[in-house]
Amino acid sequence: MAKTSLSPQDRRQTLHLIVLGVVALVLFLGLTPFSTRGEPREAVVAMSMLQQDNWVLPVNNGDEIPFKPPFLHWLVAAFSSVAGGISVLTSRLPSALGTLCLVVATYLFFARRRDSHTAFAAALILLTNFEVHRSAVTCRVDMLLAVCMVCGLYALVAWGERRLKGVPWLAVACLAGAALTKGPVGVALPCAIGGLWFLLRGEASLWTALWKMTLVFVAALLPLGLWYMAAWTQPHGGDRFLQLIYEENVLRFTGQMTYASHINPWPYNIQTIVAGMAPYTLLWLLAIPTALAGIESWRPNWQLLWPPVLLQRFRTMHATEAFSLLAATVVFVFYCIPASKRSVYLLPMYPFLAWFTARLMLWLERRRSYALPSLAYLLAFVTVAVSAAFVAIQCGWVTGSMFGGKHAAENAAYVQALADVPLSVLNIVIFVLPLVLLWPLRRRQGARRPLTAVFIVYGLFVAFEGLYRPAVMTVHSDRAVANTIARMTGHAPIYSFRTDICEANRMHPFTINFYLNNRITPIDKVQQPAAKAYLLCGDDDVEAFKKDYPQWDVQMKYDSHHRSCDDRKVQRLYLVTQKKRP
């Protein structure tokens with residue numbers, strides 16, 4: 001049973017997690033500009049909501065309706081309204097704050113049911129693995145979806161501990177948020193896990209689990225259904241909206257979408273977990289010899305695989321381990337079914353993977369295994385190597401002239417950006433922090449502690465977000481190109497043209513459009529083109545434009561010499577003028 005109240009230690013560690021999370025996720029959130037097409041694509045939806053005062057189904061990127069339900073965009077628009085305008089910071093804030101809530105909720109969930117020490121380690125591992133951290137600092141729906149789904153699962157477990165009495169309002173609210181973030185899957189998957197949990201643990205009969213989870217499912221889907229109806233009645237809704245919803249929620253699962261979308265075989269999910277749990281996947285590999293040494297007999301006992309035996313072993317496991325195993329397994333198996341697979345789809349697994357990793361760390365500490373110090377020293381080597389490389393660049397020992405090949409200019413720009421990082425007091429503190437966190441390694445006993453390696457990873461992530469990533473991604477981003485275009489064009493219309501048009505999932509200059517406040521319209525969607533306007537297109541698209549639109553005179557005004565972070569095409573700006581009719 002869960003503890004009914006928090007101990008003073010639980011309160012202190014919760015506060016520690018909040019402080020650590022704010023520094024790692026929120027403090028530097030606005031420093032790195034958008035440098036992938038996915039983030040500005042979502043942010044422009046929120047921008048359109050504010051510009052058009054339409055919080056149901058706005059039109060963005062010239063003629064596009066949102067692909068996903070609006071919960072993320074509502075939060076971005078709300079934060080931006082309070083902040084006085086939309087920005088990179090306000091766009092990423094829902095994901096970052098949601099992750100912080102998930103870290104705290106994970107700690108409280110496990111601390112109430114097991115011990116606070118292991119729960120604290122699990123929460124820190126959740127905060128510092130690669131996939132969760134990457135998703136926490138991006139403006140995408142996947143992190144918010146995972147937060148709502150997992151918090152909903154935690155609430156369902158608490159409901160089960162109350163013998164399914166009353167209405168699990170917290171679970172319904174969390175799952176409704178998940179549905180409003182990415183559709184019915186945000187409710188269906190947690191409800192399936194919850195129903196299986198109650199059934200397999202013997203907490204409810206098949207009929208009771210079925211009808212009670214059905215009620216939760218229907219209640220959580222109600223807000224999404226209301227939004228569907230409201231969106232369908234919008235001027236840009238109707239059949240176009242219904243087709244989009246059908247494609248995103250049905251055809252994506254069956255692999256029959258009108259455009260290819262992250263098509264991968266099922267082993268891809270294993271690869272993404274191995275990469276996503278980095279660097280802690282190294283610990284699992286390092287722990288193999290210790291685990292093998294503890295095996296008393298190599299003779300297999302096939303009776304253990306018999307379903308009734310497996311079920312009995314599952315029911316005799318500690319409830320926390322059993323639920324974590326069930327939740328992680330169901331999420332993994334479910335996302336192996338559709339043809340569309342992405343690493344972020346598996347984010348709901350990570351709190352439970354973090355818990356098992358924390359348990360492994362404490363087990364290795366008791367066994368005095370070499371795995372923990374090996375991981376700590378390896379991470380220390382990476383920390384020193386990264387710090388030394390930054391010092392070498394700052395001192396001019398590494399310069400852009402050392403690079404050759406096709407992307408030599410781009411690589412040289414990255415090096416120069418790091419060389420130009422000012423050595424302010426804050427930057428020096430950020431640089432020194434990972435090195436300070438190596439201090440416990442001065443003694444071997446310090447290297448054996450589970451949290452030593454975790455805090456080394458934490459220091460690397462803080463330095464990455466606060467010092468290295470902003471400098472490098474500023475070069476990679478299209479923000480500078482957008483600023484130049486803004487100065488050159490004034491208030492004149494800006495059109496875009498592409499040769500690789502796919503109506504079902506049209507490519508736009510997403511990043512440049514965000515920094516130009518959603519001003520760019522695809523020229524084929526313009527009803528009454530201006531007599532004089534600007535055209536943005538890739539370096540290999542202009543000849544096709546001249547062929548398709550012979551009524552325009554074309555004059556190049558700006559060659560960015562920069563490969564767009566959206567599609568890697570060099571962006572150019574043209575002045576286009578309609579020819580006078582004879």
Side-chain angles (χ1 to χ4, degrees), residues 16-36 88-89 92-93 95-96 99-100 103 123-138 275-283 375-398 411 413-442 446-447 449 451-477:
H16 293 160
L17 287 172
I18 292 173
V19 173
L20 291 171
V22 168
V23 173
L25 302 178
V26 180
L27 191 60
F28 310 112
L29 202 57
L31 295 183
T32 303
F34 286 148
S35 55
T36 61
V88 171
L89 172 62
R92 291 171 174 162
L93 207 52
S95 295
T99 305
L100 183 57
V103 168
L124 282 178
I125 291 169
L126 179 62
L127 178 66
T128 55
N129 68 76
F130 173 75
E131 189 64 64
V132 170
H133 180 85
R134 181 182 68 162
S135 300
V137 294
T138 57
M277 274 300 291
Y280 302 109
T281 41
L282 291 173
L283 181 66
L375 178 64
Y377 288 126
L378 179 61
L379 292 171
F381 173 79
V382 173
T383 300
V384 172
V386 170
S387 302
F390 180 71
V391 170
I393 292 173
Q394 283 276 313
C395 293
W397 301 334
V398 177
N411 294 330
Y414 294 148
V415 171
Q416 188 59 47
L418 289 170
D420 293 337
V421 171
L423 294 181
S424 63
V425 174
L426 177 60
N427 285 343
I428 292 175
V429 170
I430 296 171
F431 172 77
V432 171
L433 177 63
L435 300 174
V436 171
L437 293 176
L438 301 181
W439 181 251
L441 296 181
R442 72 190 190 282
R449 293 172 184 161
L451 293 186
T452 298
V454 177
F455 276 110
I456 294 174
V457 180
Y458 177 83
L460 282 170
F461 275 134
V462 171
F464 182 71
E465 294 297 334
L467 193 62
Y468 306 129
R469 184 168 175 249
V472 173
M473 290 297 104
T474 296
V475 175
H476 186 69
S477 174

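Numbering of residues begins at 1 and proceeds along the displayed sequence. What you see below is based on every heavy atom in this structure, not just the backbone, and it leaves out hydrogens, waters and symmetry mates.
For residues 124-133, the salt bridge (Lys or Arg N to Asp or Glu O under 4.0 Å) pairs, not counting sequence neighbours, are Glu131-Arg134.
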Listed pairs under 3.5 Å, donor-acceptor, residues 19-27 side chains, sequence neighbours left out:
none

Distance-only criterion, 3.5 Å: show the donor-acceptor pairs between side-chain atoms of residues 415-441 and protein atoms not counting sequence neighbours.
residue, atom, partner, partner atom, Å
Gln416, NE2, Asp420, OD1, 2.9
Gln416, NE2, Asp420, OD2, 3.4
Ser424, OG, Asn427, N, 3.3
Ser424, OG, Asn427, ND2, 3.4
Asn427, ND2, Pro422, O, 2.6

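In this structure, the side-chain hydrogen bond (donor to acceptor under 3.5 Å, both in side chains) partners of Thr128, at least two apart in sequence or on a different chain, are Tyr280. For Ala392, the side chain to side chain contact (heavy atoms under 4.5 Å, CB included) partners two or more places apart in sequence, or in a different chain, are Trp397, Val398. A search for ring-ring contact (aromatic ring centres under 6.0 Å, His included) contacts involving His476 returns nothing, not counting sequence neighbours. The ring-ring contact (aromatic ring centres under 6.0 Å, His included) search around Phe28 returns none, not counting sequence neighbours. For Arg469, the salt bridge (charged side-chain N to carboxylate O under 4.0 Å, His left out) partners two or more places apart in sequence, or in a different chain, are Glu465. For Tyr414, the ring-ring contact (aromatic ring centres under 6.0 Å, His included) criterion is met by no residue, not counting sequence neighbours.
Pairing each heavy atom of Ala96 with each of Leu29, the nearest pair is CB-CD2, 3.7 Å. Listed here is the closest heavy atom pair of Pro279 and Val457: CG-CG2, 3.5 Å. Residues Ala380 and Ile456 share a closest heavy-atom pair of N-CG2, 4.4 Å. Contact detail for Leu375 and Ala453: the closest heavy-atom pair is CD2-CB, 4.0 Å. Nearest heavy atom pair, residue Ala376 against residue Ala447, reads CB-O, 4.1 Å. When all heavy atoms are compared, the tightest approach of Arg92 to Pro33 is NH2-O, 3.5 Å.
For the atom pair CG (Leu379) and OG1 (Thr452), the distance works out to 11.0 Å, reported to the nearest 0.5 Å. To the nearest 0.5 Å, atoms CG (Leu100) and CD1 (Ile18) are separated by 6.0 Å. For the atom pair CD1 (Ile125) and CG (Asn129), the distance works out to 9.0 Å, reported to the nearest 0.5 Å. In this structure, OG1 on Thr383 lies 9.5 Å from CG on Leu378, to the nearest 0.5 angstrom. To the nearest 0.5 angstrom, Tyr458 atom OH is 7.0 Å from Leu127 atom CG.
Not one N or O on the side chain of Ser95 forms a donor-acceptor pair closer than 3.5 Å with the backbone of Val137. A donor-acceptor contact shorter than 3.5 Å links the side chain of Thr138 to the backbone of Ser135.
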